[in-house]
Amino acid sequence: MTETNRVNQQNTEDRIVLTKSIRRKVCNRHQFLQGSRNYERMQNGGRAFSMIPAIKALYSKKEDQVAALKRHLEFYNTHPYVSSPVMGVTLAMEEERANGTPIDDGAINGVKVGMMGPLAGVGDPVFRFTLRPILGALGASLALSGNILGPIIFFLIWNLIRYIFERKTQELGYRAGNEITKDLSGGLLGKVTLMASILGMFIVGALVQRWVSIDFTATISEVTQQAGSFIDWENLPAGAEGIKEALTQFATIGPSAINRVKVTTLQDNLDILIPGLIPLLLTLGICKLLKKDVSPILIIVALFALGILARYFNIM
């Protein structure tokens, strides 16, 4: 045996590897991902709990274990049934890091954030809107005929399919993660991290307009509309004919047809100029505060106080 082969064999023997038994323990703990869900960092507690067997196997020093646990206590939120591939990839990256590969916290968190957003949209259509209704219909049909196996079959088959899917996809993510970290010299990990971060930011940006709602109700102008530009409620025909005519006028003229006086608010003007500008600025401002280590709880309380004051003074 040559000297090079002896060195390679020694390096292989010294390498820390996450065994199937440990990965299975991670998967089993991952079933409780939602167990400590919170408004600040969502599923981070369940994720950190899942990673404990791997962290103990990879790091012998207590300070390394603490640092690894803190890495996985960062914000995490995705559909619980499709979270397993993310777990598999991060397991592989933690394994490589424990074996001396230069993978920093940003790379691990970047891949995690980049994967969790796109995968979150897959879980509901596949599982809750397709698979579960089919199994539910099967169990319900048996239950309606008086067969006690109906709910039992639904419960067993549903959880069996779910667990097998999570176990297999975690292993798939683990193998993919190993392939990514093997090509550090070619910059593959950097490219994956960059693409994952861009995709994650794109998803967050798209969700700002959907989930962040701000409405400035302050009145800018009040204009009395001319006849024919609004619904004359007092002169509408009685009964169904009046309802039909009102709906027709509303469809033709638009929402401004409801009242004789057209009220223009600050929000109307902002929507005309740049729709979604204020939600975007609010989101960027909060991100800036979080970057400066301002407590998320303090930010939430401040937003509550700001909303109450704005409502009281009829600003929002």
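- We find the CE-CD distance between Met51 and Gln65 to be 12.0 Å, quoted to the nearest 0.5 Å.
- Salt-bridge check for Lys20 with Glu171: failed, with every basic side-chain N at 4.0 Å or more from each acidic carboxylate O.
- You'll find the side chain of Met115 reaches within 4.5 Å of the side chain of Val111, heavy atoms only.
- Side-chain contact, Lys25 with Asn28: no donor N or O sits under 3.5 Å from an acceptor N or O.
- Using modelled atom types and a 3.5 Å distance limit, the side chains of Asn77 and Asn44 yield no donor-acceptor pair.
- Under the 6.0 Å distance and 45° angle rule, Arg23 counts as a cation-pi partner of Tyr174.
- Taken together through direct or relayed side-chain contacts under 4.5 Å among Ile, Leu, Val, Met, Phe, Trp and Tyr, Ile297 and Leu303 form parts of separate hydrophobic clusters.
- To the nearest 0.5 Å, atoms CZ (Arg37) and CE (Met42) are separated by 3.5 Å.
- Contact record, Ala143 with Pro151: CB-CD, 4.3 Å, taken as the closest heavy-atom pair.
- Phe165 and Ile157 fall within the same hydrophobic cluster, defined by Ile, Leu, Val, Met, Phe, Trp and Tyr side-chain heavy atoms under 4.5 Å apart, directly or through other members.
- A continuous path of ILVMFWY side-chain contacts below 4.5 Å connects Val86 to Phe75, so both sit in one hydrophobic cluster.
- Phe154 and Trp158 have parallel rings, their planes meeting at less than 30° on a 0 to 90° scale where 60° marks the start of perpendicular.
- The CG atom of Leu33 sits 11.0 Å away from the NE2 atom of His79 when rounded to the nearest 0.5 Å.
- Between the side chains of Thr90 and Arg47, at least one donor-acceptor pair of N or O atoms lies under 3.5 Å.
- Here the side chains of His72 and Ile108 are in contact, with some heavy-atom distance below 4.5 Å.
- Ring-plane geometry between Phe32 and Phe49 is classed as perpendicular, the angle between the planes exceeding 60 degrees on a 0 to 90 degree scale with a lower cut at 30.
- Between Ala107 and Asp104, the shortest heavy-atom contact is N-OD1, 2.8 Å.
- A salt bridge links Asp105 with Arg97: at least one charged nitrogen is closer than 4.0 Å to a carboxylate oxygen.
- For the pair Glu94 and Arg71, the salt-bridge criterion is met [side-chain N within less than 4.0 Å of a carboxylate O].
- Rounding to the nearest 0.5 Å places CG of Asn159 at 11.0 Å from CD1 of Ile164.
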What verdict does the side chain to side chain contact (heavy atoms under 4.5 Å, CB included) test give for Leu160 and Leu156, after you've listed the backbone C-alpha separation in whole Å, the side-chain angles of each residue and the deciding distance to 0.1 Å? CA-CA 6 Å; Leu160 183 63; Leu156 290 178; 5.9 Å; no
Passes side chain to side chain contact (heavy atoms under 4.5 Å, CB included), Leu138 versus Ile134? Steps please. CA-CA 6 Å; Leu138 173 62; Ile134 293 173; 5.9 Å; no
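- Clustering ILVMFWY residues whenever any of their side-chain heavy atoms sit less than 4.5 angstrom apart, transitively, puts Leu290 in the very cluster that holds Val294.
- Within the 4.5 Å cutoff, the side chain of Arg41 has no heavy atoms near those of the Tyr76 side chain.
- Leu309 contributes atom CG, which lies 6.5 Å from atom CZ of Phe313 (distance to the nearest 0.5 angstrom).
- The minimum heavy-atom distance between Val26 and Pro53, with the atom names listed, is CG2-CB, 4.4 Å.
- The closest donor-acceptor contact from the side chain of Thr101 to the backbone of Ile103 lies at 3.5 Å or more, if one exists at all.
- Two different hydrophobic clusters hold Tyr163 and Ile153 under the rule that ILVMFWY side chains link at heavy-atom gaps under 4.5 Å.
- At distances below 3.5 Å, at least one donor-acceptor pair connects side-chain atoms of Asn99 with backbone N or O atoms of Ile16.
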Go through it in stages, so that I can follow the logic: the residues are Val82 and Thr169, the test is side chain to side chain contact (heavy atoms under 4.5 Å, CB included), and I'd like the CA-CA distance, side-chain angles, deciding distance and then a yes or no. CA-CA 8 Å; Val82 294; Thr169 53; over 6 Å; no
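- For the atom pair CD1 of Ile22 and CG of Leu58, the computed distance is 7.0 Å after rounding to the nearest 0.5 Å.
- Within 6.0 Å of CG in Leu298 there are more than 12 heavy atoms belonging to other residues, nucleotides or ligands.
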Go through the steps to decide whether Gln31 and Arg162 satisfy the test side chain to side chain contact (heavy atoms under 4.5 Å, CB included), and finish with yes or no. CA-CA 10 Å; Gln31 306 307 305; Arg162 179 185 59 78; 2.4 Å; yes
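- Ser84 and Gln170 share no donor-acceptor pair across their side chains, judged by distance under 3.5 Å alone.
- The two residues Leu91 and Ala54 have their closest heavy-atom pair at CD2-CB, 3.5 Å.
- Side-chain atoms of Glu166 do not come within 3.5 Å of backbone N or O of Tyr81 as any donor-acceptor pair.
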